[in-house]
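For this chain, numbers begin at 1 and follow the sequence in order. Counting starts at 1 for both ligands and their atoms, following the listed order.
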Amino acid sequence: MKQLTINQLPQLPFDVAESVNQLRVNLGFCGKEIKAIMITSSTPDEGKSFVSVNLWQQMAHVGNRTLLIDCDLRNSEMRTRYGIGGDDKVLGLVHYLAGQVELDDIIYQTDVSGGFIIPVATHIANPSLLLEGERFEKLMAYCRDYFDYVIVDTPPLMNVADGLNIATHCDGTVLVVRSGVTSRRLVENSIQMLQKTSTPLLGTVLNRVNTSRKAYRYYYKRYYNKYGYYGGK
Ligand SMILES: Nc1ncnc2c1ncn2[C@@H]1O[C@H](COP(=O)(O)OP(=O)(O)OP(=O)(O)O)[C@@H](O)[C@H]1O
Ligand SMILES: [Mg+2]
């Protein structure tokens with residue numbers, strides 16, 4: 001299998017790492033049949049890729065063979081943001097969906113033990129037809145069989161149908177909501193859209209919470225002290 005290295009994985013602060021860990025544990029409680037999980041949001045910049053990459057890493061870290069599929073075929077910044085590269089020319093999802101290469105050519109092992117990636121190597125202006133085609137269906141069926149978990153990073157739901165197409169091939173969705181920015185109306189709209197697919201909404205992630213707010217500081221301090229008490233000397 002071909003190899004990619006991830007040179008810029010962020011070191012998360014304790015509270016963020018713990019929140020991702022909670023998400024991982026909660027998804028585990030959804031049942032063994034929930035393997036392919038789509039991460040989406042209403043609008044750009046809410047943290048879909050951030051949640052996807054960190055959830056993927058934690059799932060792999062606890063021993064699950066976990067595949068991250070970058071399905072943001074229009075705008076993905078994952079490779080530059082996380083410094084994902086390899087020795088050879090990188091082939092990605094678009095090459096496979098367009099029939100130029102086969103699955104083996106686009107599933108990469110990474111330096112995260114147990115963590116595998118299908119990257120986006122070429123962007124495409126209108127991927128809808130490719131995502132509706134049978135090659136995408138075949139890819140998802142194969143990956144669901146071959147891996148313990150498949151985390152699917154997507155474009156925002158607003159404006160384009162890609163996310164809804166992708167959802168129909170997943171076992172569940174997680175909606176990321178940017179705290180203090182995304183309106184309730186937009187969130188409700190996204191939930192309604194997702195409900196039209198037969199794929200269950202597993203939960204929402206309230207992301208990018210302003211941790212400098214007084215109420216949060218109070219909570220964090222109490223929690224951290226408690227943790228320190230149990231875990232410390
Ligand atoms: N919980 C978080 N803590 C710190 N930084 C975050 C968090 N969530 C997101 N970010 C940062 O916010 C920026 C936008 O996040 P990200 O790229 O994951 O959003 P996105 O929803 O995938 O955007 P797009 O719709 O463009 O794909 C990135 O710089 C990311 O590192
Ligand atoms: Mg993204």
Check whether any heavy atom of Arg81 sits under 4.0 Å from an atom of ligand 1.
yes
Do any of the N, O or S atoms of Ser49 sit under 2.8 Å from the Mg ion (ligand 2)?
yes
So is Asp72 in contact with ligand 1, going by heavy-atom distances below 4.0 Å?
yes
Minimum-distance protein heavy atom relative to atom 21 (O) of ligand 1:
Lys48 NZ, 2.6 Å
Arg144 and Asp171 ion-paired at < 4.0 Å
yes
Sidechain-backbone polar pair: Asn64 side chain, Thr66 backbone, donor-acceptor under 3.5 Å
no
When distances are taken from atom 13 (C) of ligand 1, the protein heavy atom at minimum range is Arg208 NH1, 3.8 Å
Which heavy atom in Cys71 sits nearest to a heavy atom in Pro155, and how many Å separate them?
O-CD, 3.6 Å
Which ligand 1 atoms are under 4.0 Å away from a heavy-atom of Asn207?
1 (N), 2 (C), 7 (C), 8 (N), 9 (C)
Atom indices of ligand 1, in the order listed, that fall short of 4.0 Å to a heavy atom of Pro44
25 (O)
Check: Glu46/Thr182 side-chain N/O donor and acceptor closer than 3.5 Å:
yes
Check this for me, if you would: do Asp148 and Lys35 make a salt bridge, where the nitrogen-to-carboxylate-oxygen distance has to be below 4.0 angstrom?
no
Looking only at heavy atoms, which two atoms of Glu132 and Asn165 are closest? And how far apart?
OE2-ND2, 3.3 Å
Ligand-side contact atoms (ligand 1) for residue partner Pro156, heavy atom cut-off under 4.0 Å:
25 (O)
What do the steps show when you test Phe147 against Phe116 for ring-ring contact (aromatic ring centres under 6.0 Å, His included), and what is the final call?
CA-CA 9 Å; Phe147 293 97; Phe116 300 78; 5.2 Å; yes
Non-hydrogen side-chain atoms of Ser42 and Val177 separated by less than 4.5 Å:
no
What is the closest protein heavy atom to atom 19 (O) of ligand 1, and at what distance does it sit?
Gly47 N, 3.1 Å
Nearest-contact summary for atom 26 (O) of ligand 1 - protein heavy atom, Å
Asp45 N, 3.9 Å
How far is atom 3 (N) of ligand 1 from its nearest protein heavy atom, and which residue and atom name does that atom have?
Phe50 CZ, 3.5 Å
